[in-house]
There are 2 protein chains.
Amino acid sequence: MSTVLDDRAAQVLRLVVEDYIDTAEPVGSRTISKRMGQLSPATIRNIMADLEDSGYLAQPHTSAGRIPTAFGFRYYVDYLLERRQLLRSERDQLQRTAGAGAPPPDETIRQIGRLLSQLSGQACVVIVASPDDQKLRGIRLLRAGRDNVLLVAVMQGGWVQHRLIEDEPGLTEGDLEKIGNYLDGFSVGLTLSQLRSKILQEMRHEKSRYDRVMTRALALSARAFPDSPAGEVYVEGRTNILEQPEFVEDVHNLKRILRAFEEKSVVVRLLDRVLDGGATRVSIGTENPVEELPDISVVASSLQRDGSPLGTVGLVGPVRMDYSRIIPLVEYTAGLLGSAKMEGVQPK
Amino acid sequence: MSTVLDDRAAQVLRLVVEDYIDTAEPVGSRTISKRMGQLSPATIRNIMADLEDSGYLAQPHTSAGRIPTAFGFRYYVDYLLERRQLLRSERDQLQRTAGAGAPPPDETIRQIGRLLSQLSGQACVVIVASPDDQKLRGIRLLRAGRDNVLLVAVMQGGWVQHRLIEDEPGLTEGDLEKIGNYLDGFSVGLTLSQLRSKILQEMRHEKSRYDRVMTRALALSARAFPDSPAGEVYVEGRTNILEQPEFVEDVHNLKRILRAFEEKSVVVRLLDRVLDGGATRVSIGTENPVEELPDISVVASSLQRDGSPLGTVGLVGPVRMDYSRIIPLVEYTAGLLGSAKMEGVQPK
DNA sequence: GATTGGCACTCGCGTGTTTTGAGTGCTAAG
DNA sequence: CTTAGCACTCAAAACACGCGAGTGCCAATC
């Protein structure tokens, strides 16, 4: 079993995959023969038998046609697939959505998610990068009411974070300004999480050595950054998977999948490892990082603007999804938002 | 057909409803007879026939047991239902969640939603009231980077809103402070939407009469409040409805329902009209405000803290839901967050 | 040697038929 | 008014059957 198929076998595999993609039914030798012209069903049968031996195809039962295995799909995606160009209208819509009013960035990326789910007919998962991972542009402290202090952090990408710190009496406007400036001083260019650890470190270091204001500042900001809120997770077009016959057939499986979508952690895991590289990733069936969902494929890419990560977007659907449309869709979106880097379509 | 049933008929209706609630199957005279003791199946049959004539019960087909109609459920909820006390553990969990760290309030209410969906086994819909409807406590303007201005609005209930206004060069720190103070001056006690209209009014009124700063201030804030973002909508425990046999049986219907949940507008409509009154509302089947979902019931209540509306929470499930548990659950939650007002359980 | 027509065989699926049993309505007796 | 008895109904489960799509294999053909 060689890694590369001869021309004819590849051709057959391609046709099987493509036919299966839009019928969701096992495809027989007859169909392929017609579509190829040249060869008779009998010949096709021989080729298909070979493809089955090498693990590219499988038979649900003896007297049925063949369906591609995950392995077969992999080969198709890697070598056989012809990307279908996006429609003018699709590009227009994406551009309009991506370009629409800059702030707030998280709203933009959610819209993109919704749109993608519509265009693709698949479920779309969006992880909005945590503003915590953005670089700070500055920090301000404000008095808010009698005893409360409001800390406002402005981030590089246009994000704004705030924390209301309650019950912090006894600070004059002047104090606040001084503390604010102090924080502002060493915050620029750091991420919130970096700032957090820097503050803690600083606190241990100069414990009550410097003047009262500094200590106070540190205590205050330590209170303001207790936890690192993870990025938000959205799933759009969930119901699209109800459109897939292979899922609807078996209600039990359907439950499993929908239930998985409700678990934030599972969704995050689904898009795992895309965050770093800017490349689009295709995970077919068991290749995806969630073992509980072996019959699901993910096409995902990370989105960034001006070099800072906005989030991750992924289309999730049956293994039998139309990669020739879905992949360009996701790549185009990723490109739209700045990181046009696409180093081929890597598995895993 | 009288509005009030005699004792025996009521008893039978109650048992039918309750049995149906936990079996989801038509219930026969035999079952009821056993449960009542005293009466034989034949007698029960007579009573049931009467109940059917009066519209409380129905037969899916001739040789099946009876199931309650929406009308029957209504009667049950209004007159027959015995509220089941919450478990100690349920109360504890709710209290813990409701009490957990005050800000941000929207996070609290989402948590409550999630918890309710778990405890009830139904889908839980949460509408977080828009901070726009909260009264303002104050407004500040901040310089953010070179050309950007950040407007921060602090609300009564602990909410904080911010808008980043980009490309607004040529304002000194001093200008900003003046403008900020000006806005702050007439904003306290208003809601954001009120402020919005007041600003627009003001702008028309003293168009370029006063000094440059004021006009600038108004233009600036008009830019900051262009739209009124509606309250966020969350749905938790969607998949719980997959647990309901009546929905799973018919995939087509299932699609309709899940699809409806993806439409923000539908979800909002589902909880419509609860916003004003603090009372818990029970809408059974066709009574609910969404005609497209005639086989769904909603138990909803508005939540408020310190007199200001936090949002609305509703449990959504099949008509055959366990009202005796669900209603107290929702009412207790509403009570927990301050508005213990509950003027009976009103339909419509 | 690759290709192809022919042919027997397999097996899932849809259809029609039968059986079963839960539940009813009615009637006549208590 | 209640109840036992009985005939009747009808959905759902169990079963049987034939169709047809599709296969594998073999022998004939190019």
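Only heavy atoms go into these numbers, but all of them, side chains included; no hydrogens, no water, no symmetry mates. In what follows, chains are A, B, ... by sequence order, proteins preceding strands, each numbered from 1.
Contact check, A:R45 against D:dC25: no side-chain N or O comes under 4.0 Å of OP1 or OP2. Applying the 4.0 Å criterion to OP1 and OP2 of C:dT24, one finds that B:T62 has every side-chain N and O outside that range. B:R66 has no side-chain polar atom (N or O) that falls below the 4.0 Å cut-off from OP1 or OP2 of C:dA22. Of the side-chain N and O atoms in B:S40, one or more sit less than 4.0 angstrom from OP1 or OP2 of D:dT3. Residue B:S63 places none of its side-chain N or O atoms closer than 4.0 Å to OP1 or OP2 of C:dG21. Listed pair A:R8 / C:dT3 meets the phosphate criterion, a side-chain N or O lying under 4.0 Å from OP1 or OP2.
Here B:R45 does not pair with B:E52 in a salt bridge; the nearest charged N to carboxylate O distance is not below 4.0 Å. Between B:R281 and B:E287 there is no salt bridge, since none of the side-chain N atoms of the basic residue sits less than 4.0 Å from a carboxylate O of the acidic one. Taking the charged nitrogens against the carboxylate oxygens, A:R84 and A:D322 have no contact shorter than 4.0 Å, which rules out a salt bridge.
For the pair A:L57 CG and D:dG22 C1', the computed distance is 14 Å after rounding to whole Å. Whole-Å rounding puts the A:E52 CD to D:dC25 P distance at 11 Å. For the pair A:I32 CD1 and D:dA21 C1', the interatomic distance rounds to 15 Å; values are reported in whole Å. Atom CD of B:E25 and atom C1' of D:dA11 are 12 Å apart (whole Å). In this structure, B:H61 places its NE2 atom 6 Å from C1' of D:dC10, rounding to the nearest Å.
Nearest-nucleotide positions on DNA chain D for A:N46 and A:T31 put A:T31 closer to the 5' end.
Of the candidates C:dT24, C:dT4, D:dA11, C:dT24 carries the atom nearest the B:Q59 side chain, counting heavy atoms from C-beta on.
Looking at every heavy atom in both residues, A:V233 comes nearest to A:V268 through CG2-CG2, 3.8 Å.
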